[in-house]
Structures are given as C-alpha cells and as structure tokens.
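As structure tokens, the structure follows; a few thoughts come after it.
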There are 2 protein chains.
Amino acid sequence: MKRMRRIGTEESATRALLLDATEQLMLDEGYAAVSTRRVAKQIGLTPALVHYYFPATDDLLVAVYRRAVDKTVERLRTAISSEEPLHALWRFSTDADCTALAMEFMAMANHRKAIRAEIASSAERVRTMQAAALSKLAFDKDPNGCDPLGVAALVVGIGRLLVMEGALGIALGHDRVRDIAEHWLDSLEPRQETTGDARADAPAYGRPQRAGRRGN
Amino acid sequence: MKRMRRIGTEESATRALLLDATEQLMLDEGYAAVSTRRVAKQIGLTPALVHYYFPATDDLLVAVYRRAVDKTVERLRTAISSEEPLHALWRFSTDADCTALAMEFMAMANHRKAIRAEIASSAERVRTMQAAALSKLAFDKDPNGCDPLGVAALVVGIGRLLVMEGALGIALGHDRVRDIAEHWLDSLEPRQETTGDARADAPAYGRPQRAGRRGN
DNA sequence: GTCTATAATCAGATAGAC
DNA sequence: GTCTATCTGATTATAGAC
C-alpha cells in the first residue's frame, strides 16, 4: 500500500476560506476564472496549499458545490414550508443571488465530468423536495394537467430563465414573462387577502446584474 | 500607420472549414474544448493558420456565432411563417440540435466579453422577430395577460430548459412540463383538425443526449 | 496559403523544506 | 499548516520561411 499524500481536515478554517474564495470568484468572474492559483492569490496563500486541502481541482469544485447545495436546501426548506409554498418557490427562483451560483455550476457541468455527475444526482433530489411542498395544492382541479413535479420544474426553470438572461444583458419581454408567470401562480395558489393593504412581499426579482462581473 | 498583419479572406474554403470544425467541437465536447490547437488539429492544419484567418480566438468564436445566428434566423423565418407559428416555435425550441449550440454560447458568454456583447445584440432581434410572428394570435382574449413578447420568451425559454437539463442528465418532471406547456400552447393557438387522423407533426423533443459528449 | 519556430503565459500537480 | 521550487503540459499569439 503506497504512502498517501497528506490532506487537510474538513474542519480547517483555511479550508472554509478556500471554499469561500472559490465561490466568490465564481460569482464575480465566472467559473472559468477558478484556478488553484487564482483562488490561492485571492486569500494571500499559495497554490500548493489548495492542493493540500483539495488534491485535484475537481475536488475543490465539488466541495463548493456540495456546500452550496446544502445551504440552498436549507433555505429552500424553510421557504417552502410557508403558507404559500408555490409563491415562495417563485421568489426563491427569481432571486438572483440564489440562482446565479447554480447557473455557473450548470455551465461548468458542460465540460467537467465530476460536476455533471454531482448535479445530476442532486437536482432530482431537490426537485422531488420542491414537488412534495407543492403537493398540498389542489392540482386535481387544475384544468391544464398541472401536477406538483411539472409545476416545480417549470417555476424554477422560468426563474432561472430570467436570472440567466438578465446576467447576459437580455431583458426584452421579461416584464411580460413575470406578469404571465405570476398570474399563473396566482391561479394555482390563490393569494389570501390579509388586512386589505398591499401584499407584504414584493417579487424579489429586480435588476439582475452582477456586481463585479468582468469580461474575459 | 503600422503594417497590418495579413489575414485570410471571408470567402476562403479553409476559413469555412475552420468554422465548421469549431462548431462541431463545441457541440461534441463543449465550448471549453475550443482552442486554436484543437480546432486546427481537427482538420489537419496548424494553429498558426487559425490565427491567419482569425487573429484572436474571440474573432473565431464571434464568427461561428454570427454564422449560427444567421442560419437560425433563416430556419426560424420559414418555421414561424407556417399556419401555426406558436407550435412551430415550440418545436423549434425543443429541438436539441437547434438549441444545443445556443446553450453553449450562453454558457460561454459568462466569461467572454466579446460573445456576451454579440449575444445581447442578437437576442433581442430574434425575440422581436418571434413575437412578430405570434402577433396574429388572439391575445386580446387571453385571460392571463399573455402577449406576443412574453409568450415568445417563455416558449423558447421552456424549450431551452428541457434541452439544457437533458444534456446534464436531468429528466425528472420533463414529461409533465411538456404536457403543461403543450396544453398551454393549444389553448393559445387551437390546433385545427385536418382530416381526422393523428396530427402530422410529433413533438421534436425526444431523448436529448448528445452524441460524442465527453467529460472534462 | 500554409508552414516551422518561438515567446510568453498560465495551468495542474508534486516533493520536500520549514 | 504553509511554504518554495519544480516538472509538465497547454494555450495565445507572433515572426518569418517557403
């Protein structure tokens, strides 16, 4: 049995720093900006140290992804346990911050096998969870053949559409898409009037531009 | 005025070959596989020759994109001039071959400024064209606030959702999404019964897996 | 047109000193 | 834990021969 290379512990503060730096780099400049050198530089350390915690670069990326999924699942769990899970899911999906990182990973999955496998295995789990939260809606009466799974996939997909295009500078028709989507959501999950004033939670989706985005 | 570097003509057959090879490489292995070396190798030429026709790599990518947009616009034009433009647009957007390349460019745009600018300028043009084709539909009567622009954006977006997730190996709920979408389309643009037999054109969207996809 | 040769970066990954 | 030093290989891009 050959001598294994040394590797950092999961509890290390430095390891967490590396994950933070990688995530931030992806959000600021896109996943293509991620390299052991750039990540290390970002927090004033050396590339070799990155390899100490993450032997291969894919290990780093997968770790970032897993942590992000865990965080998302947690936030999602509280969101969809609300009175109006469908509208909560919509707000969640149209929130740029929640979705931008997911988009980066989807883009990255196109040419990183490890990430693709990770996404495929987590996506169905999350979607199933979302569908479960929508199962209390009265889809039986829906005249359009809607069901929890399809609605979950659609709502999240439309949210991503808006966020993704927004990041590219495309906005034509977005107002109308939002109108149609929200009208549809209202029909599936009627808003319950509270005290008569305007509803408390405005749509989270505003101007989707990212802060520090730089080109190539 | 400094001496300009030599550059190949637009009519060159070799230039067209380079564009073909680049496009194929993007579809087979993802945009990240595109480099002057890989492209040149693919057709048995040298990297330097790529730079002869396309001084910078971005020039090559933009040229591929422009050519693809032109081709798409042409196919789209004939498609949506049919009797049922909305259903035609749906079939177009759910066709993996038509959409896969677009997805690659969208992913690439996340970190290539030149591509992002190109996409932003072409996307609105295409969407406007699609919306125009849908303007003959009776949206005035639509109880859900649908309008051509929003419907165009939504239909294409949902199609892309299916294609994109399919490429990642995600399929959970896709059948239901397709059901919901097609039911919606039928309500917006009622199918006209022909001679009573099954409708001629089946949905184009089947198994979305790409052929030669390789990881990392 | 197409090539060879080369410069200048940048990447991933490892060994071994401290 | 963190570093320096190094190997290896890929990439963009240019100059100049043929």
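Each chain gets a letter, A, B and so on, in the order its sequence line appears, and its residues count up from 1.
- In the set C:dT2, D:dG1, D:dT4, the nucleotide with an atom closest to the side chain of A:Thr14 is D:dG1.
- Scanning both residues, B:Arg37 and B:Pro47, for their nearest heavy atoms gives CG-CG, 3.8 Å.
- One can place CZ of B:Arg112 at 11 Å from C1' of D:dT11, the figure rounded to the nearest angstrom.
- Shown here for B:Met106 and A:Glu165, the closest heavy-atom pair between the two residues is CE-CG, 4.5 Å.
- No engagement by B:Ser12 is indicated, since no non-hydrogen atom pair under 4.0 Å with the nucleic acid exists.
- Going from atom NZ of A:Lys41 over to atom P of D:dC3 covers 15 Å, rounded to whole Å.
- Straight-line distance from the CD atom of B:Glu10 to the C1' atom of C:dG1: 17 Å, rounded to whole Å.
- Across the protein-nucleic acid pair, B:Tyr53 atom OH and D:dT12 atom P stand 19 Å apart, rounded to whole Å.
- Legend: residues meeting side chain to side chain contact (heavy atoms under 4.5 Å, CB included) with A:Val126, ordered by chain and number and at least two apart, are A:Val73, A:Leu76, A:Gln130.
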Sugar-phosphate or base contact per nucleotide [nucleotides 13-18 of chain C; S, B, -; heavy atom under 4.0 Å]: BB--B-
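- One finds no side-chain N or O of B:Thr46 lying less than 4.0 angstrom from the OP1 or OP2 phosphate oxygen of C:dT2.
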With a 3.5 Å cut-off and sequence neighbours excluded, list the donor-acceptor pairs that the side chains of residues 147-157 of chain A form with protein atoms.
{"unit_1": "A:Asp147", "atom_1": "OD1", "unit_2": "A:Gly150", "atom_2": "N", "d": "2.9"}
{"unit_1": "A:Asp147", "atom_1": "OD2", "unit_2": "B:Arg176", "atom_2": "NH1", "d": "3.4"}

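- The nearest whole Å value for the distance from the CZ atom in B:Arg38 to the P atom in D:dT11 is 8 Å.
- Atom-to-atom, CG of B:Leu49 to C1' of D:dA15 comes out at 15 Å; the value is rounded to the nearest Å.
- Using a 4.5 Å heavy-atom threshold, the side chains of B:Trp90 and B:Arg178 count as touching.
- Shown are A:Thr14, A:Leu19, A:Ile7; of these, the side-chain contact (heavy atoms from CB on, under 4.5 Å) with A:Tyr53 is made only by A:Thr14.
- Look at CG on B:Leu25: it is 14 Å from C1' on D:dT11, rounded to the nearest Å.
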